Structures are given as C-alpha cells and as structure tokens.
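To start, the structure under review is shown below, and the notes come after it.
The shown structure was predicted, so the numbers you read here are calculated from the model rather than taken from an experiment. All values below were derived from every heavy atom in this structure, side-chain atoms included, with hydrogens, water molecules and symmetry-related copies excluded. Labels below follow one simple rule: chain letters A, B, ... track the order of the sequence lines, proteins then strands, and each chain is numbered from 1.
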Amino acid sequence: MQQGIHLLGSDFFEQKTLKVARNLLGKQLSFNGMKAIITEVEAYIGEEDPACHAAKGKTKRNLIMFGPAGYSYVYMIYGMYHCLNFVTEKEGFPAAVLIRSVVIKGVQSSLLNGPGKLCRYLGITRQHNAMDIISTFFVADLGQKVSCIKTPRIGIKVGTDKLWRFVISSPEN
DNA sequence: ACCCCGATCGTA
DNA sequence: ACGATCGGGGTT
C-alpha cells in the first residue's frame, strides 16, 4: 500500500458501533483492485436491536457477528444481492456496520449507491464472509475529515426509531 | 418437507 | 407499487 496511509484494524472496529459507523465515513476500502470511499453506513447493534440479524439469537448465518471485531459479515438478501458489514464491539456482543454506499473515481454513482449494488460492482459475495478486514478490505484512513447527517435506517420495518444511518453531507470542511 | 420472510433493486 | 429470486430459519 501507499506510505502515509493507516489501515484500520481490530482496535478501530472494537469500539461502540455508532462511533465506528460515524468514523467509517470518508474512509477508503480497497477490493479487487478498486478503491472506494465509504459515503453511507448503518449500525446494527446487539440482540436488543429488533432490526439486527442477531435479534433472535445466534444462528449459523449471524455467527460472525458474535465474534471479535474486525471481521466481515457478508450475507445474501432477496436471493440476488449481497450486503457487506464490518463486525464491531467486543467478542460476544453482536453488532456490525452495514456499508450502504461508496464512491469510486470515474464510476457512475448509480452503480454504487446501495448495499447490494456496491457488492455486485466490487465482486463481494458470501465467500467473503468472515474475512479479516485488514487483509481483505484494506480499510484506510486517508486523513480526510467529513461531516455527516444522521437519519433513521432504511429498508427495515422495525427499529426505525433510531437515527443509526450516517451519510456524508460534505466531503471536506 | 413446507412455509414465510427479507439490512434490495429495477421497472412501472 | 410490485415482482424477481432463493437462502435462512422456524415449524410440521
């Protein structure tokens, strides 16, 4: 990788999920030779969060969410799409951040502005579940400061009372 | 074996 | 507003 770029490891992800989510905005993710800036995320936090996949306890699918921070959680949705998440918080506490939108230089935003779309474009599938983030997605802090807005999460029927969606509102100060 | 549902997306 | 499409998870 380039010099001066700091890759985010388990120390970054093993924090409160809302903090991780907010701080993932503006970070760079590298996959299949493409560099994507994260512009929209959502937090899913614990068994008390009805929208979290861990709300009904541990299953084969959501097992990785119960493990230590710093691993990917990729699942298939609606039989056609995949969603990329980064597991957060301490082992035993199931939580993750869903990557909902990214931008890639020179790529139409319409191909990247949705969790299913960005996985399709980047080539992320279930085989990328439970991977070590630092050596698979190379999430990097480029030192870019961004501001953001908070909104309710999208596309869910429960848990819409929480403002757990974070979107970049302006690229720089 | 069967049924229901979904952290989506494209089309209408 | 709606259908595509199929794996996960619970139930019979």
Side-chain angles (χ1 to χ4, degrees), chain A residues 8 12-27 29 31-32 34 36-90 92-104 107-131 133 136-137 139 148-169:
Chain A
L8 303 180
F12 173 84
F13 293 100
E14 191 181 318
Q15 300 184 82
K16 289 292 186 184
T17 307
L18 294 178
K19 181 178 179 183
V20 176
R22 168 64 182 90
N23 289 333
L24 274 173
L25 294 177
K27 299 298 187 290
L29 173 164
F31 195 78
N32 277 343
M34 295 173 273
I37 302 297
I38 298 169
T39 56
E40 178 189 349
V41 299
E42 281 175 359
Y44 289 87
I45 311 176
E47 298 178 80
E48 306 305 311
D49 172 8
C52 182
H53 283 178
K56 288 172 180 138
K58 196 182 289 185
T59 67
K60 188 177 181 182
R61 179 177 67 155
N62 67 26
L63 186 63
I64 193 67
M65 290 184 83
F66 287 79
Y71 288 85
S72 58
Y73 171 42
V74 181
Y75 62 91
M76 176 176 268
I77 187 70
Y78 295 106
M80 299 175 253
Y81 303 103
H82 296 271
C83 289
L84 171 65
N85 298 254
F86 293 145
V87 174
T88 59
E89 312 224 16
K90 290 194 171 67
F93 187 91
V97 175
L98 169 69
I99 309 302
R100 289 193 57 90
S101 187
V102 301
V103 294
I104 299 176
V107 177
Q108 297 272 356
S109 65
S110 60
L111 294 172
L112 302 169
N113 62 348
K117 291 199 256 184
L118 71 90
C119 281
R120 186 176 56 190
Y121 190 87
L122 289 168
I124 296 166
T125 69
R126 269 182 308 171
Q127 64 186 76
H128 304 108
N129 182 47
M131 305 295 278
I133 295 170
T136 304
F137 296 99
V139 181
C148 79
I149 58 169
K150 296 189 247 188
T151 81
R153 292 171 294 179
I154 290 178
I156 53 176
K157 296 184 174 117
V158 290
T160 52
D161 54 319
K162 309 287 199 311
L163 301 180
W164 288 356
R165 173 172 172 258
F166 299 81
V167 189
I168 285 190
S169 56

[N], OP1 or OP2 - any side-chain N/O from [X] closer than 4.0 Å?
X      : N     : result
A/K60  : C/dG9 : no
A/K56  : C/dG8 : no
A/R165 : B/dA7 : no

May I ask you to say what [X] touches in the nucleic acid, namely base, sugar-phosphate or nothing, with a heavy-atom cut-off under 4.0 Å?
X      : result
A/L98  : base
A/R153 : nothing
A/G79  : base

Which nucleotide, in any strand shown, forms a Watson-Crick or G-U wobble pair with C/dT5, with both distances under 3.5 Å? none
For C/dT11, give its Watson-Crick or G-U wobble partner with both distances under 3.5 Å, or none.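 WC or wobble partner is B/dA1.
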Would you kindly give the [atom1]-to-[atom2] distance between [X] and [N], to the nearest whole Å?
X      : N      : atom1 : atom2 : result
A/Y44  : B/dT8  : OH    : C1'   : 11 Å
A/I77  : C/dC6  : CD1   : C1'   : 10 Å
A/M65  : B/dA7  : CE    : P     : 11 Å
A/K157 : B/dT8  : NZ    : P     : 11 Å
A/I156 : B/dT8  : CD1   : C1'   : 13 Å
A/H82  : B/dC9  : NE2   : C1'   : 14 Å
A/M80  : B/dG10 : CE    : P     : 10 Å
A/N129 : C/dG7  : CG    : C1'   : 13 Å

Given A/Y44, which of A/T88, A/N62, A/D49, A/V97 fulfils the side chain to side chain contact (heavy atoms under 4.5 Å, CB included) condition?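 Of all the options given, the one that passes is A/D49.
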Candidate nucleotides [options], ranked by approach to the side chain of [X] - the nearest:
X      : options              : value
A/R126 : B/dC9, C/dG7, C/dG10 : C/dG7
A/R61  : B/dA7, B/dG6, C/dG8  : C/dG8
A/M76  : B/dG10, B/dA7, C/dG7 : C/dG7
A/R120 : B/dT8, B/dA7, B/dC9  : B/dC9

C/dA4 base stacked by A/Y78? Criteria: ring centres under 5.5 Å, plane angle under 30°. no
Donor-acceptor pair between A/K117 and A/N113 side chains, under 3.5 angstrom: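 Yes.
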Could one point to a donor on the side chain of A/Y75 or the base of B/dA7 with an acceptor on the other under 3.5 Å away?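 When only heavy-atom distances are counted, A/Y75 does reach the base of B/dA7 through a donor-acceptor pair under 3.5 Å.
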To check you understand the geometry: which heavy-atom pair defines the closest contact between A/S72 and A/F137, and what is its length?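 Looking at all heavy atoms of both residues, the shortest contact is CB-CE1, 3.6 Å.
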Tell me the closest heavy-atom pair linking A/Y81 and A/G116, and the distance in Å.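 Looking at all heavy atoms of both residues, the shortest contact is CB-CA, 4.0 Å.
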Do side-chain atoms of A/R153 reach the backbone of A/G159 as a donor and acceptor pair under 3.5 angstrom?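 Yes; judged by distance alone, with no hydrogens or angles, the pair exists.
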Min side-chain heavy-atom separation A/E14-A/K90 under 4.5 Å: yes
Closest to the 5' end of DNA chain C, once A/T59 and A/Y81 are matched to their nearest nucleotides, is A/Y81
